[in-house]
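One structure is given here, and the rest of the page talks about it.
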Amino acid sequence: MSKVRVRFAPSPTGGLHLGGVRTALYNYLFAKKNNGDFVLRIEDTDQTRYVEGAEQYILDCLNWCGIQPDEGPHTGGEYGPYRQSERKNIYREYAEQLVKSGHAYYAFDTPEEIESLRETLKAQGKYNVQYDFQNRLNMRNSLSLPPEETEELLKINFPHVIRIKMPRNEYVHFQDMIRGKIEMPTDGVDDKVLLKADGMPTYHLAVVVDDYLMKITHAFRGEEWLPSAPVHVLLWKYFGWEKHMPHWAHLPLILKPDGNGKLSKRDGERLGFPVFAMEWNDPKNGVVKGFKELGFMPEAFINMLALLGWNDGTEQEIFSLEEMIEKFSMDRVHSHGAKFDFEKAKWFNHEWIKKSDVERLRPDVKKILEGNGVSIDDEPKLDKIIELVKERCTLLNDFWPQASFFFITPTEIDTASILPKWNENKTQFFVELIRTYSLMNSWNINDIEHSFKELAAASRLKSGELMLPFRVMLVGGKFGPGVFDISALLGKEETLKRIEHTLSIMK
RNA sequence: GGCGCGUUGGUCAAGGGGUUAAGACGCCUCCCUUUCACGGAGGAAUCACGGGUUCGAAUCCCGUACGUGCUACCA
C-alpha cells in the first residue's frame, strides 16, 4: 500500500470561504489520520480570474486554521512545481497523447461558432445544448475535417483547443467513499475542452495529470464535481493509469441558511455573518471581514466546520484538531448538504473560549484590549480578569465590552436602572460605605463583601437591593461578574472614585 | 429541459427492519443568581408524500414531490 497523499487544490480567485476551508480540513484530517501527506496545489489555469494576493491569502488562512500543507508552492516538495501555471508546458504532451490514441481531437471552432451552434440547437428546441457526439461532426475539428486541412491549420497555428471525445452510450462506474457505487452515462457529458487555446489546461486535464504526477491516492472535492467525474475517470483510463487512480470522495455542499443554493461569497453581507475564514481585501470589491476578525478562535472555527457534515457517531461535539484526526473517517461524512447556522457557529466559539485556559486566551485578549487603546502592564491582573469574564464571551471581541470597565472608568452610568428604587437611605448607605472602605487597610473580596453586608445590616437595608446600584456604579451597567470580585480587582481607590462619581450625578 | 446527488423537529444530527426516534443549537417555562453569563430541570418531530415487501419500516424497493448541483476555452 502506497503512502496516502491528498491534495487541496484551490483557485486563487478570491477569499477562501467556508466550503473551501472544510474541504481543506477533511483532506488534512484524512491525511494525518493515515500518516499521509497533505499537498497544496494552486489551480491558477484561468488567467482571467486570477486575483492578486489570493494565493498568499489561502496560505494565511490554512495557517491560521492550523492545517499547514506538507508540500506546496511555499513549502516545496519533490513533486513541484505546485502552481499549475508553472506546469503549463507539461500538459500539452498529455493532451496530444490522447489525440493520438483517438480519445481526443483538435477543435478549431471560434467562440462565435460555438455560440451559433447553441443558438441553432436552442432554436430547434433541443434540450442538450452541447458540443458532443450528436454534433461534433458538424463542427470544425480534426474529426470532421480532412486530415490535410487539420494539418494545415495546426501548421499555421490556427487557434484551437483539444477536446475529449466522449464515448457514446457507455456507462462509467466508480466508487465514491461517501456515496458508494456510482454509475453515470457518458452521453450526458459534452466533449469537454482539455487544453485551451492559450495552451493552458482546463481543470479536467490538469487534475488528472497532476494527481497522477503527484502520486495522489485520495481525491476529495466538492459535490459540484460529481457530474464531470466520468470525464476524469475516463481520462485515467485513457492514459493507461487506471491502477493509480485515486479513491474519490465528493463532499456535500454547505448551503445558505435561508434555503436555495450553496453558500456563496455574497451571502455573508446579506445575512450578516462572515463566509471567509479571514479578512479578505479584494482588489475590486474592498475589504470583507472573516471569522477571525469577528473574534472566532481557529480551534472553534475548524471544529464547527468539521461537524458540519461529519460526526464521530457519539454525542461529542467539541473536538480538538488532534481528536478530529484520531476520530475522522470519510464514511461518516454525510452525502447531503447542510445549511450553515451562524448561531451554532457562535456556540462552538463560546464553548472553546470557556474551555481555553488563560495562557491560550491572553495574547488574543491583550491584542483586543490594545486595539482599544488599553496597554497592559499588569499581566497577573489581566489573567484574573480573563478568568472572571471568559464565560460571558461568545466571541473573543466580547472581551472588550465585557472587561473594558476594568481599565477605563465608565463614563456612561446606567442610572435609569437604579433610579426607580433609589432613596435617601441608599444615598446615606453609600456615603457611609465610602467612609467604611476608606478606613480599610486590606482590600480583598471577603473583606469588601463582609463590610458591605455589615453596613447594610446596620443601616437596616437589604444588601441585595444595594448590590445592583453598587454594580452599576462600578461597571456602568447591569452586567459583569460578581460585584465584589470587580471591586477587589479595581482596587480601593478606583472603587471609591466610582461610587463618588455616581453619587454626584444622582443628586 | 436533460443528467446527477440528496430528503429524520426551525437548524445541525444519532439511528441502517422490532427504540418511549439520542443529543446539540435556537426558542419557550422553571430553578440557581436580587446583574449579565454559566449551570441545572422541563416543553415541543412518527422520520417529505403515496404505494409496495414484511408478522413488523424512519430503516428495504418503486413512484411522486421538493431541495440541490452540473449542463463554459470557470474552477
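Keep in mind that what you see is a predicted model, and the values were worked out from it rather than measured. Per chain, numbering begins at 1; letters A, B, ... match sequence-line order.
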* A/Glu223 side-chain proximity, nearest of B/rC25, B/rG4, B/rA75 ->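 Of all the options, the side chain of A/Glu223 is nearest to B/rG4.
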* Asked: Which nucleotide in the list B/rC12, B/rG6, B/rC73 gets nearest to the side chain of A/Leu308?
  ->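 Looking only at heavy atoms from C-beta outward on A/Leu308, the closest nucleotide is B/rC12.
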What distance, rounded to whole Å, do you find between the two [atom1] atoms, one in [N] and one in [M]?
N	M	atom1	result
B/rC25	B/rC38	P	10 Å
B/rA57	B/rG16	C1'	11 Å
B/rA24	B/rC3	C1'	37 Å
B/rC49	B/rC32	C1'	46 Å
B/rC5	B/rG63	P	13 Å
B/rG39	B/rA22	P	23 Å
B/rC47	B/rA58	P	7 Å
B/rU35	B/rC27	C1'	23 Å

Mate of [N] where both pairing distances stay under 3.5 Å, Watson-Crick or G-U:
N	value
B/rA58	none
B/rU35	none
B/rC49	B/rG63
B/rG4	B/rU68
B/rG17	none

* Please round to the nearest 0.5 Å and tell me the distance separating atom NZ of A/Lys196 and atom CG of A/Asp46. =>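 One finds 4.5 Å between NZ of A/Lys196 and CG of A/Asp46.
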Phosphate oxygens OP1/OP2 of [N]: is one of them under 4.0 Å from a side-chain N or O of [X]?
X	N	answer
A/Thr45	B/rA75	yes
A/Lys339	B/rU7	no
A/Asn311	B/rC12	no

In this structure, is the centre-to-centre distance between the rings of [Y] and [X] below 6.0 Å?
X	Y	answer
A/Phe452	A/Phe429	yes
A/Phe276	A/Phe291	no
A/Phe296	A/His350	no

* A/Arg498 (side chain) donor-acceptor with A/Met473 (main chain) under 3.5 angstrom ->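 Judged by distance alone, no pair lies under 3.5 Å.
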Give one of base, sugar-phosphate or nothing for [X], where a contact means two heavy atoms less than 4.0 Å apart.
X	value
A/Thr314	nothing
A/Asp109	base
A/Ala197	base
A/Gly261	sugar-phosphate
A/Leu307	sugar-phosphate

Atom pairs under 3.5 Å: protein N/O with N/O of nucleotides 33-40 of chain B:
| from | atom 1 | to | atom 2 | distance (Å) |
| --- | --- | --- | --- | --- |
| B/rU34 | O4 | A/Glu465 | N | 3.4 |
| B/rU35 | O2' | A/Lys478 | O | 2.5 |
| B/rU35 | N1 | A/Arg471 | NE | 3.2 |
| B/rU35 | O2 | A/Arg471 | NE | 3.3 |
| B/rU35 | O2 | A/Arg471 | NH1 | 3.0 |
| B/rU35 | O2 | A/Phe479 | N | 3.3 |
| B/rU35 | O2 | A/Phe479 | O | 3.2 |
| B/rU35 | O2 | A/Gly480 | N | 3.3 |
| B/rU35 | O2 | A/Gly480 | O | 3.2 |
| B/rU35 | N3 | A/Arg471 | NH1 | 3.3 |
| B/rU35 | N3 | A/Arg471 | NH2 | 2.7 |
| B/rU35 | N3 | A/Gly480 | O | 2.6 |
| B/rU35 | O4 | A/Arg471 | NH2 | 3.4 |
| B/rC36 | O4' | A/Lys478 | O | 3.3 |
| B/rC36 | O2 | A/Arg392 | NH1 | 2.3 |
| B/rC36 | O2 | A/Gly480 | O | 3.4 |
| B/rC36 | N3 | A/Arg392 | NH1 | 2.3 |
| B/rA37 | O2' | A/Glu391 | O | 2.7 |
| B/rA37 | N3 | A/Glu391 | OE2 | 3.0 |
| B/rC38 | O3' | A/Lys354 | NZ | 3.2 |
| B/rG39 | OP1 | A/Lys354 | NZ | 3.2 |

Round to the nearest Å and state the distance from [X] atom [atom1] to [N] atom [atom2].
X	N	atom1	atom2	value
A/Phe348	B/rG23	CZ	P	17 Å
A/Arg332	B/rA13	CZ	P	12 Å
A/Ile114	B/rC74	CD1	P	11 Å
A/Lys88	B/rC73	NZ	C1'	13 Å
A/His17	B/rA75	NE2	P	15 Å
A/His334	B/rC5	NE2	P	19 Å
A/Tyr203	B/rC74	OH	P	14 Å
A/Arg163	B/rC73	CZ	P	5 Å

* **Closest-nucleotide 5' rank along RNA chain B - winner of A/Ser11 and A/Leu255** =>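 First, find each residue's nearest nucleotide; the 5'-ward one identifies A/Leu255.
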* **First of A/Asp190 and A/Glu183 reached from the 5' end of RNA chain B, by closest nucleotide** =>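 Whichever sits nearer the 5' end wins; that is A/Glu183.
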* Pair of N/O donor and acceptor under 3.5 Å linking B/rA72 base with A/Lys192 side chain ->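 No.
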Assess whether a salt bridge exists between [X] and [Y], defined as any Lys/Arg side-chain N lying under 4.0 Å from an Asp/Glu carboxylate O.
X	Y	result
A/Asp191	A/Lys165	no
A/Lys265	A/Asp267	no
A/Lys478	A/Asp414	no

* **Residue that, paired with A/Phe319, satisfies ring-ring contact (aromatic ring centres under 6.0 Å, His included) out of A/Phe348, A/Trp352, A/Phe328, A/Trp310** =>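 Considering A/Phe348, A/Trp352, A/Phe328, A/Trp310, a ring-ring contact (aromatic ring centres under 6.0 Å, His included) with A/Phe319 is found only for A/Trp310.
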* Asked: Relative to A/Tyr131, does A/Arg163 satisfy both conditions: NZ or CZ under 6.0 angstrom from the six-membered ring centre, and within 45 degrees of the ring's axis?
  ->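 The answer is yes, since A/Arg163 meets both limits relative to A/Tyr131.
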